[in-house]
Each structure stands twice: as structure tokens, then as C-alpha cells.
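First comes the structure, then the notes that go with it.
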Amino acid sequence: MNDTPKNPNTSNNPETPEIRHRNFIEDIIDADNASGKWASEAVDARVHTRFPPEPNGFLHIGHAKSICLNFGLAEQYDGLCNLRFDDTNPAKEEDRYVTAIKEDVQWLGFDIQENGPFFASDYFQKFYDFAVQLIQSGNAYVCDLTPDETRKYRGTLTEPGRDSPHRNRSVEENLDLFTRMKNGEFPDGSRTLRAKIDMSSPNLNLRDPVMYRILHANHHRTGSEWNIYPMYDWAHGLEDAIEGITHSICTLEFEDHRPLYDWFLDRLDIHHPQQIEFGPLNLSYTILSKRKLLQLVNENHVTGWYDPRMPTLSGMRRRGYTPESIRNFCERIGVAKRDTTVDVALLEHCIREDLNKRAPRALAIQNPLKLVIDNYPEGESETFVAINNPEDESAGTRNIPFSRELYIERDDFLEDPPRKFFRLGIGREVRLRYACLITCKSVTKDAYGNITEVHCEWDPDSRGGNAPDGRKVRGTIHWLSVAHAIPAEIRLYERLFNTENPNKAPEGSDFLANLNPESLTIVKTAFVEPSLANASPESRYQFERSGYYCTDKDSRPGAPVFNRTVPLRDSWAKKQAK
């Protein structure tokens, strides 16, 4: 009998690879476990992490690294990971973001605890009580400085700050004012509650930081119950302490905030998790600033958070990325203490690698040219057997209809081809994928000299694509039967930005100047094989000789729409080979 406790964060995906490379966070956890650090406290001694997104936007690929790290460590050490929403700013938060974030975490393959997710708003009363405790101990005070005055009093990196004229109010006056702030007696921005630390500290975060601000706004969960809301630096450590977190894993920008995290917990003398910082994910040709992503959405540079060009998990999912490929990518880039930029080509390589194993093959024509086999009987048809996935024998085969009139890609024909053009040309013989050998005899043109039809003859003894006399044919092209082809819309996506560092805009402009005007091309002339007529959304395929594609939610029966995930060409694999 297996007595190992069930992990509530176990991955739903049995194919998820195990963590192979140890990192500095694992070393810290190993040392903590060896010393029994958490066993001596009144908390669960198991490793307990958390992923704390703000519900003010959609998760992106940068968040995926943190999700995989926090949930992955919980899995690895048979511990827990809390999905916790840091909903302390009601002006920007919405329930739709909560729903989207939960879906993304589960789509990546992680389970949310049965009593989760958690919310900072669950602890608003406790935050308030802790704040009262700091006021009573002389470690917090109500300040009447305006936001502009507060910034001026704060000082600079080279000059110390100045004490607020309200810093030495009595405990009784501070308690009275703070209660009245809570009760809604004062207008927005008129007062704050600040920690009393050190206005001359070289760390600006310790110069009497604001703990609460007055904000008469409706909260998505608590409604109008509260008129004051906690700042992130105040709420962060308290949330971790209340939930019994052992390792509070953050990105590097919070390193300078750690002394404040420690100061609050030490003054309150409550459970004190260890904050650990790691390098965030920066990706070439990609913007990961939530503010800038929101700007793209609000200004209609994209069609929304779900736009397949966006680096959001929702957008990547719609484009055709698999959770396995994203988790593999996060594992490959590893966890480090420094800030680095990863080549987006590695992410694209991971999805190609994954889909090459799992995506069934299909035939699609994007720029059709009619091909007529003159010596094939009119009105007749037959089927040829196609392999669904040569990388997976269990994927089986399918039948593709064949007839006298076919569609081929226009790029696969040249009337007068050069010597190294191994596709179709007048007098040239090529192989029709899975079908037979054909030889081009002539073309038909319109009044403007444009080729409208290619006329060929086939070798009936070459069914299956092999010459009966063993002659070699170098070129192979794909095709579709005109009578059986299904009209489709294909959306060709490129990178949203055309520069490696889109945050670095040309002089006198902002990041929008780096948008790629050709990031989306819509092909309405395409055809696909009959098996794809009613493909369900998020079905993924390799269109042979073209790339990987995913059925879009805009599809209708008999009128499928496909998003190109990535082309077949893999620059990262070639770079690694060199």
C-alpha cells in the first residue's frame, strides 16, 4: 500500500517531464528541510509556495515561468502551492481576470487546491487588525501629506528623506484617524497610513512606506465594505504569513523590497516565510509589461487578450501552443539569480518539437492553382492512403480522395523552372504526395497571360507514389481534389514586433513604433482536406510542407478557420546543430 500523501497540486499531464536540473532555490529548500527549519514552527512543515497574480489582466508567458516554478517545487517536494489573487486594487480588478487566470493555471496542467483559490481580500480584516497593532506599538502613523508632498519628502537615491510633520502623532490620535479612514470620513488621497521606519535609509522602500490609502471604490469581491485598501508591500508578507507559506518566491524586482517584507513580519512577530528572488523571463521580440499589453488591447492594435499574436497564455493557446511545450520551455530556460533575455526561437522550437510528436498530418493548399490530369477518366475518383503521423505508429492512416482535377500550391509550379527547382514545370515529372507520379505537358492562360490551369499526365502504374521501373523522381508536392476540397480561412501569424528588443523604441516614439505591420495575413483562398471540414477548436495539425496550425474558435461547420502556430522551419534547431 502506498502511504505517500496525495499532492493537491499534482500535474494533470502524465507526460510532463521531471525537473532535471537543480537550481539555487532547490538548494535552499534542501538546506531548510535538512535543518528542520519549518518543523519548529506552528505551520505545516511541508514546502508551501504560492503564485500570487493580480486580477487586472491576463497571464502571459512570463507568468508561466513562475507558475511552473512554484507549482513544480510543490510537486517535487510533495508540498502545497496556493493560487492566490492579490486583489488589493479594486480600481483595476475584474472577475473576468480571475476566471481567465484560473483557467490558464489549470490548462498548464496544475490543480488548484480544494479550498482554493485564495484571495488577499479574504484577509482585509486581519490586515486592518495588524495595522492597528503596529499603530499601538508606535510603528505606524497616519499622514496627511498629499501624494506629491510624500514624494518630495521621500528624498532621492543620493539625498535622505525628511520626516513627515505628522510622524509624531500620538497613538490615540493615529488610532482615531485610522478608524475614521476606514469608516469613509475622508476623501480619496487625503490621508495614508505609513510605517515608521527610517527616512534616512539608503533603501528608499524603508523610508516610511505607505501601508494604506483611502480609495472609495467598489471591490469585485467585497463591494463597498472597505474605504481603505492595503498597499502591496504591506499585504504581501501578511498573506504569506496567514497562509503558512514557507518559501515566498518572487522575481528580482522585489529584492529591494525584502527588507520591508522582513520588517513588517518581525514587528508583528508572526510566521515569517523566506522571500527568495529569481530572474524573471525576458523574451526577445516580445513585450511582457502588463501595462503595455493592456495598451495594445485598449487601442485595438490586437483583437483582445486572446489574440494569437499576444504573449498571453490565452493567446498562445488559441494560436496552438500546448501546455506541454510551455512547461518544457520553462524547464529548459532554468532558474537563475540574474536577469537574462531568452531567444523566442527556443520557445518556437519547443512547440515544433512537441507538435511533431503529437500533431496529425493534413493536406492544405493556401494559394491554389488548378492541375488537370488529362489521361485520368472524367467523373471518376479514388482514394489514397495517407499516414497520420510518421512519428506515432498508433496514429494510423486516413483516406484522401483523388480525382482528375486537383489543386496544387501555385509556388510549386514554374513554367520555365531553373535547374535546381525540383517541383513541377513543363516537361518535369514529380510525385504527388501519397498518390502517383505526374508529368506536366502544357498550361492554359487567361487573356492577361496568367496561368489558370496546368495540364499533366499520370502514370497509372505509379499508384502510391513509386515508379514501377524504379526510376527516381526528386520532387514531391502536395495536392487536393477540387471536387472534395473544403474551403477554409487560414490566418498566418508572425511576431507582433519586428525588433529584438521592442521596448527600445526609435528616438521620439514609443514601443508601438516597433509593431510589425505584417504580423497577421488572412488567407481566404485556402482549401483543406475533407477530414478537417468539422475540426473542433484547438485541434492541432501539421499542414505538410507548411507548418503547424490550430483550429480557431471562429470556425463553423464546413467553414474551418486555422491559425498558424509556427512554420516548419526551425532556426533554433539549426543554431544548436552548429
Side-chain angles (χ1 to χ4, degrees), residues 356 359-378 380-393 395-444 451-486 526-532 541-549 567-569:
N356 183 53
R361 278 36 172 179
L363 298 180
I365 303 293
Q366 298 186 34
N367 188 11
L369 174 63
K370 183 180 285 188
L371 182 149
V372 181
I373 302 176
D374 293 326
N375 63 335
Y376 192 90
E378 290 191 40
E380 293 188 12
S381 66
E382 59 187 286
T383 59
F384 288 105
V385 177
I387 299 172
N388 284 335
N389 189 339
E391 303 296 323
D392 180 8
E393 292 183 2
T397 60
R398 68 193 186 285
N399 292 326
I400 305 233
F402 180 87
S403 62
R404 187 173 189 266
E405 294 186 346
L406 308 175
Y407 288 131
I408 64 170
E409 286 288 355
R410 192 168 291 271
D411 289 347
D412 281 340
F413 177 82
L414 285 178
E415 188 175 7
D416 185 21
R419 185 172 60 87
K420 292 188 177 181
F421 183 82
F422 298 119
R423 286 165 280 175
L424 192 60
I426 294 180
R428 294 280 187 92
E429 184 177 40
V430 299
R431 177 182 294 102
L432 294 181
R433 179 82 162 144
Y434 303 119
C436 61
L437 304 179
I438 59 169
T439 302
C440 181
K441 298 298 183 179
S442 64
V443 297
T444 299
I451 297 174
T452 57
E453 290 183 352
V454 175
H455 291 267
C456 300
E457 293 184 355
W458 78 316
D459 180 351
D461 295 327
S462 67
R463 283 182 170 87
N466 295 315
D469 58 4
R471 67 183 183 274
K472 294 183 178 180
V473 176
R474 297 188 68 175
T476 299
I477 64 176
H478 61 288
W479 52 274
L480 287 172
S481 166
V482 171
H484 303 88
I486 303 299
F527 293 92
V528 295
E529 64 179 67
S531 63
L532 273 57
Y541 303 93
Q542 184 197 103
F543 288 174
E544 298 199 30
R545 302 177 63 232
S546 176
Y548 295 98
Y549 294 75
L568 282 178
R569 181 174 176 271

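Formation of a donor-acceptor pair under 3.5 Å by the T383 side chain with backbone atoms of N399 is not found in this model. Of the possible polar contacts, none joining the R410 side chain to the L369 backbone as a donor-acceptor pair under 3.5 Å is found. At least one donor-acceptor pair closer than 3.5 Å links the side chain of R428 to the backbone N or O of F421. Here the side chain of E405 pairs no donor or acceptor atom with the backbone of A483 at under 3.5 angstrom.
Side-chain contact check for L371 versus L424: some heavy-atom pair is nearer than 4.5 Å. Contact check for S381 versus H484: side-chain heavy atoms found under the 4.5 Å cut-off. Side-chain contact between K370 and T444 is absent, with no heavy atoms from C-beta onward closer than 4.5 Å. In this structure, the side chains of W479 and I365 stay at 4.5 Å or more apart for every pair of heavy atoms. No side-chain heavy atom of Y541 sits under 4.5 Å from any side-chain heavy atom of N388. A heavy-atom distance below 4.5 Å is not found between the side chains of V454 and V372. Contact of the R463 side chain with the W458 side chain is registered, since non-hydrogen atoms from C-beta on lie closer than 4.5 Å. Side chains of P360 and N389 form no contact here, defined as non-hydrogen atoms less than 4.5 Å apart.
Closest approach of L480 and A364 over heavy atoms only: CD1-CA, 4.3 Å. Closest approach of F402 to Y376, counting heavy atoms only: CE2-CE1, 3.7 Å.
We find the CZ-CG distance between R398 and L363 to be 5.5 Å, quoted to the nearest 0.5 Å. Once rounded to the nearest 0.5 Å, the distance linking SG of C440 with CZ of R423 reads 14.5 Å. Here OG1 of T476 is found 9.0 Å from CG of L432. Values are rounded to the nearest 0.5 Å. C456 SG to N375 CG: the interatomic distance, rounded to the nearest 0.5 Å, is 9.5 Å. Rounding to the nearest 0.5 Å gives a distance of 6.5 Å between CD1 of I400 and OG of S531. Here OG1 of T439 is found 8.0 Å from CG of D459. Values are rounded to the nearest 0.5 Å.
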Open item on the list: Set out, in order, the CA-CA distance, both residues' side-chain angles and the distance that settles side-chain contact (heavy atoms from CB on, under 4.5 Å) for I373 and L406, then state yes or no.
Closed with: CA-CA 8 Å; I373 302 176; L406 308 175; 4.0 Å; yes

TODO: Could you give me the CA-CA distance, side-chain angles and deciding distance for I387 and R361, then say whether side-chain contact (heavy atoms from CB on, under 4.5 Å) is met?
DONE: CA-CA 7 Å; I387 299 172; R361 278 36 172 179; over 6 Å; no

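When the options H478, Q366, E409 are evaluated for a side chain to side chain contact (heavy atoms under 4.5 Å, CB included) with S546, the one that passes is Q366.
Using a 4.0 Å cut-off between a side-chain N of Lys or Arg and a carboxylate O of Asp or Glu, D411 and R545 do not qualify as a salt bridge. E429 and R471 are joined by a salt bridge, as a carboxylate oxygen and a charged side-chain nitrogen come within less than 4.0 angstrom of each other.
Classification of the Y549-F543 ring pair by plane angle, with boundaries at 30° and 60°, yields parallel. Using cut-offs of 30° and 60° on the angle between ring planes, the pair Y407 and F527 is parallel.
For D416, the CG atom counts as loosely surrounded, since its 6.0 Å shell holds 12 or fewer non-hydrogen atoms of other residues, nucleotides or ligands.
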